[in-house]
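First comes the structure, then the notes that go with it.
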Amino acid sequence: PEAADLRALSRLLYDSYVKHFPLTKAKARAILSGKTGDSSPFIIHDMKSLMDGEQLINCKQIPGRDQHPSPAVLADNYGVVAGHPAPGYGGLGGLSQGPIGLSHQGRTEGLELRFFYSCQSRSAEAVREVTEFAKSIPGFVDLDLNDQVTLLKYGVIEVLTLRMAPLMNKDGTLMSYGQIFMTREFLKSLRKPFCQMLEPKFEFSVKFNTLELDDSDLALFLAVVILSGDRPGLLNVRPIERLQETVLHSLELHLKVNHPDSMQLFAKLLQKMTDLRQIVTDHVHLIQLLDKTEVDMCLHPLLQEILKDLY
Amino acid sequence: KEKHKILHQLLQNSTSPVDL
């Protein structure tokens, strides 16, 4: 009976994962391996192709899905889909404004900055998706509300980093619901510190992808990451630990069934949580550096909330 | 609570599109 409960939990989390993260690993890998027929992604590999691909970057709609999605139904990659800048966050231009009227240098620099703002908008939307996924974890919404906030504050960038892995290979990453493939070399060619932002995620993702997890494994792992009882400032740790223990049992059982030949996969996966924390710490420091050094820097209010006093 | 106003909103409103 206990195993049946654990299987039911993994099924529930997988269903929620598919519901809240429409670009699954299965879909992303199909796109990356060219198995989607004639709909191959637009490749951005230099500033010109970035300008040419602006319209796609701006697209908020998932190709092939409902033509009139509700505002709440948006896709799931931690990439570049421009949202609507929130009050106090706009003013520097969304991608839709275009580079008209700038010198060539200004054009490319403006483009870089707009690209960064698009990433922020998309990240904010992705935070909302992760929040909905977290709320679907049995018992999560019964936790102290302040602890729910803390778990999200500390866990969400780790989850977003994990969500990027299926979209990446050693050469680049999918963005905009899989409509764009941006090359790693192009991202490395951006000016500092922008060029430093995604490279650690590529390094992590290439290694992480060798574990060959599927979406059902990832759903459980994301829940484990969210339910970390050692986040700073938690008021009531014990119920969080109890929830995490249950999901951990479910994950362990699921990996044994789903990957019977993969030795120590459960242990290897848990070790990734240490790498994730370092990646997030470095990421936060980069954003804080940007905030100090970039004259026109403006952080999205939701990301400001998350990043404030975080590490 | 004020420090994490949007996160609170996201957690408490399941469907309303928070102003992102």
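The basis for the numbers below is simple: all heavy atoms, side chains too, and nothing from hydrogens, waters or symmetry mates. Throughout, a chain's letter reflects where its sequence line sits, starting with A, and its residues are numbered from 1.
The distance from the CG atom of Leu145(A) to the CG atom of Leu7(B) is 10.0 Å, given to the nearest 0.5 Å. To the nearest 0.5 angstrom, Ile306(A) atom CD1 is 8.5 Å from Ile6(B) atom CD1. With rounding to the nearest 0.5 angstrom, the CD atom of Gln9(B) is 13.0 Å from the CZ atom of Arg128(A).
The minimum heavy-atom distance between Leu10(B) and Lys135(A), with the atom names listed, is O-NZ, 2.9 Å. Closest approach of Glu305(A) and Lys3(B) over heavy atoms only: CG-O, 3.2 Å. Scanning both residues, His8(B) and Asn146(A), for their nearest heavy atoms gives NE2-OD1, 3.9 Å.
The shortest side-chain heavy-atom distance between Val141(A) and Leu11(B) does not fall under the 4.5 Å cut-off.
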